[in-house]
Protein chains: 2
Amino acid sequence: MSRNTREDVVVAAGRMFATHGYDATSMRELGRELGLLGSSLYSHIGSKQDLLVEVVHRGAALFQASADASLDAGAGRARLRALIAGHIGVVLDHRDEVQTFLNEARALDATHRAQVLHERNTYEQAFRNAIGAGGTDGSIIDAERDPKTTASFVLSILNAVDRWYSDTGPLSRDQLVDEIMAFAGLWEGAEQ
Amino acid sequence: MSRNTREDVVVAAGRMFATHGYDATSMRELGRELGLLGSSLYSHIGSKQDLLVEVVHRGAALFQASADASLDAGAGRARLRALIAGHIGVVLDHRDEVQTFLNEARALDATHRAQVLHERNTYEQAFRNAIGAGGTDGSIIDAERDPKTTASFVLSILNAVDRWYSDTGPLSRDQLVDEIMAFAGLWEGAEQ
DNA sequence: CCTACCGATCGGTAGG
DNA sequence: CCTACCGATCGGTAGG
């Protein structure tokens, strides 16, 4: 058993914040999870709040990276599909950071909380832009749909995916993406 | 200023649990909100956990009442519309109880948490049944859609409505219901 | 990473 | 609904 690294501490904190919530996680419990005392954690980090900031930031960065990558997929419907597939991957493969990002932001100090809200708005804007562009270029069938409302609907579905979807269930991730595109009236099963 | 009633305590607790979370709400803060000391709350209630159980139960009862009322609206698409409209009403008009029900259930003791999960499943089943029946009787257009997945999508949207919808915005509640029905491919704008 | 500790705050009770 | 209090636990520090 070698010593814990700062990375170990952040990862374990994410797991506990996501599972029990920030306020319900004590530094002593977090230490026990890593096999050391609560007070020993302070050789790795400055404060409990610092840990929350770092975990939330990791969640935000994952979504941002997905949004950036979606630009390579094209525009309109093609970009929207990349955004949806990317979001599903982030949510299912990084549950701890994502749940902390989505549910524990209210435990952040005002400055960081405002920053997170801003990051979420920027990310949501990517969905609105892709939907709006898809209406204009004809790659999305129902061009009458309001991009703002549609983006809210799609993101509501995406953020809740981890509550019911399982990789070992009847639906593959690709099929899930198609279901959401079809559900949203954004795709009809045709190519291109 | 007359004395506080037990009802006052439960209502204020719901507000604070929804806003700051159960663990971040102290009995002293709750007392201050009502103009009394934390210790004085115990003449109204047995424990902090009792308060959480009561607030969560109120949220569950509101959804259950909506599901019961939806039976009078008919079956298939008509019942689904009543379920969606009812859910939106509950979410927007009882935010404190609903947010506590949806987000703070993990702070419940194991017994009550299991009970809440069971109530949620029963409620979700009403959506599945209405969607399934609508596929069979032809009142829902895309009969190929899986009722389980569709119900998950619809409930994801409904539970997040309070995060972005405003009664003073461009969309009325009735229009919101129509948008969700259309989004879900469950309605085409035609009568019946 | 531990020992030893700090002041603050927690949920809750006895008794009025 | 208050006074006076309880033991437990909290985040965090000094010093090694």
Original post:
If you group Ile, Leu, Val, Met, Phe, Trp and Tyr by side-chain heavy-atom gaps below 4.5 Å, do A:Phe17 and A:Val11 land in one group?
Top reply: no

**OP:** Under a 3.5 Å limit for both distances, which nucleotide forms a Watson-Crick or G-U wobble pair with C:dG7, could you say?
**Re:** D:dC10

**OP:** Between protein and nucleotides 2-15 of chain C, map the contacts as a letter string: B base, S sugar-phosphate only, - none, heavy atoms under 4.0 Å, written 5' to 3'.
**Re:** BBB-----BBBB--

Original post:
If we call it a pair only when both distances are under 3.5 Å in a Watson-Crick or G-U wobble match, what pairs with C:dC2?
Top reply: D:dG15

Subject >> CA sep, side-chain torsions, deciding dist, call: A:Trp164, B:Thr149, side-chain contact (heavy atoms from CB on, under 4.5 Å) >> reply: CA-CA 9 Å; A:Trp164 61 272; B:Thr149 306; 4.0 Å; yes

**OP:** May I ask you to check whether A:Asp174 and A:Ser172 show a side-chain donor-acceptor distance below 3.5 Å?
**Re:** no

**OP:** Could you label the plane-to-plane angle of the A:Tyr123 and A:Phe63 rings as parallel, tilted or perpendicular, counting under 30° as parallel and over 60° as perpendicular?
**Re:** tilted

Original post:
Under 4.0 Å between a Lys/Arg side-chain N and an Asp/Glu carboxylate O for B:Lys148 and A:Glu179?
Top reply: no

